[in-house]
Amino acid sequence: MKQHSTNYKNTLIEVAEDTRATESVEPPKKFPPSIAELQHQVISENPYRYSSDDVIFGIWANRNGVEEADMEEARVKFFSKGQPCLRTSPLAQTYGYGIHSDGDGKVAVYGMETKEYRALQDDPSITKVQAMRSKRA
């Protein structure tokens with residue numbers, strides 16, 4: 001079975017060009033937690049620990065009640081078809097965060113107003129991709 005991946009390496013997912021954010025803000029707390037809230041929590045509390053695949057699958061598995069014993073099989077099945085990558089994340093579309101993948105494909109988030117975000121944007125060795133637009137043109 002073919003396996004797809006959402007991982008990038010040495011890449012910055014820049015804030016969407018049509019975002020209304022002028023600086024990063026944490027997603028609002030909701031019950032149950034939103035995808036944006038969960039992504040922000042996992043990535044910001046664990047910078048460069050998890051890959052995009054780890055984050056996306058982990059949140060999906062948690063929200064769908066996948067048992068620990070079934071994780072490996074569920075992950076293979078989950079990635080047997082293409083999944084939206086973090087370019088579609090509300091963090092980059094709505095909440096003003098850039099998402100950086102290091103050389104190992106592990107991710108961290110940086111607010112669009114930070115010097116770290118600007119340094120990543122200015123680094124010619126890092127590939128830049130825009131987050132998906134929130135609305136169609």
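Bear in mind that the values here come from a model prediction, so they are computed numbers and not experimental data.
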Chemist: Spell out, as yes or no, whether a donor-acceptor pair under 3.5 Å connects the side chain of Asn46 to the backbone of Val42.
Modeler: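 It does hold such a pair.
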Chemist: Counting only N and O atoms by type, is there a donor-acceptor contact under 3.5 Å from the side chain of Asp104 to the main-chain atoms of Lys106?
Modeler: no
Chemist: Would a line drawn from the ring center of Tyr117 to the ring center of His100 be shorter than 6.0 Å?
Modeler: no
Chemist: Whether the side chain of Gln93 engages the backbone of Met132 through a donor-acceptor N/O pair (distance < 3.5 Å, no angle test) should be reported.
Modeler: yes
Chemist: Considering only residues two or more places apart or on different chains, which pairs with a residue in residues 49-73 satisfy salt bridge (Lys or Arg N to Asp or Glu O under 4.0 Å)?
Modeler: Asp54-Arg75
Chemist: Does the gap between the ring centers of His40 and Tyr95 come in under 6.0 Å?
Modeler: no
Chemist: Side chain of Arg133, backbone of Ala16: donor and acceptor closer than 3.5 Å?
Modeler: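 No; zero donor-acceptor contacts below 3.5 Å.
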Chemist: Going hydrophobic residue to hydrophobic residue with side-chain gaps under 4.5 angstrom, can you get from Tyr97 over to Ile59?
Modeler: yes
Chemist: Checking Glu14 side chain against Gly98 main chain: does a donor-acceptor pair fall under 3.5 Å?
Modeler: no
Chemist: Would you say Gln39's side chain and Val55's backbone share a donor-acceptor pair under 3.5 angstrom?
Modeler: no
Chemist: Return yes if some donor-acceptor pair links the side-chain N/O of Asp102 with the main-chain N/O of Lys9 below 3.5 Å, else return no.
Modeler: no
Chemist: Are more than 12 heavy atoms from other residues, nucleotides or ligands located less than 6.0 Å from atom NZ of Lys128?
Modeler: yes
Chemist: Is it the case that the side chain of Asn7 and the backbone of Ser52 share a donor-acceptor pair, with hydrogens and angles ignored and the cut-off at 3.5 Å?
Modeler: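 A pair under 3.5 Å: yes.
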Chemist: Determine, stepwise, if the pair Leu86 / Ile56 fulfils side chain to side chain contact (heavy atoms under 4.5 Å, CB included).
Modeler: CA-CA 8 Å; Leu86 289 175; Ile56 290 168; 4.2 Å; yes
Chemist: Is the backbone N or O of Cys85 less than 3.5 Å from a side-chain atom of Thr88, with the two atoms forming a donor-acceptor pair by type?
Modeler: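 Answer holds: yes.
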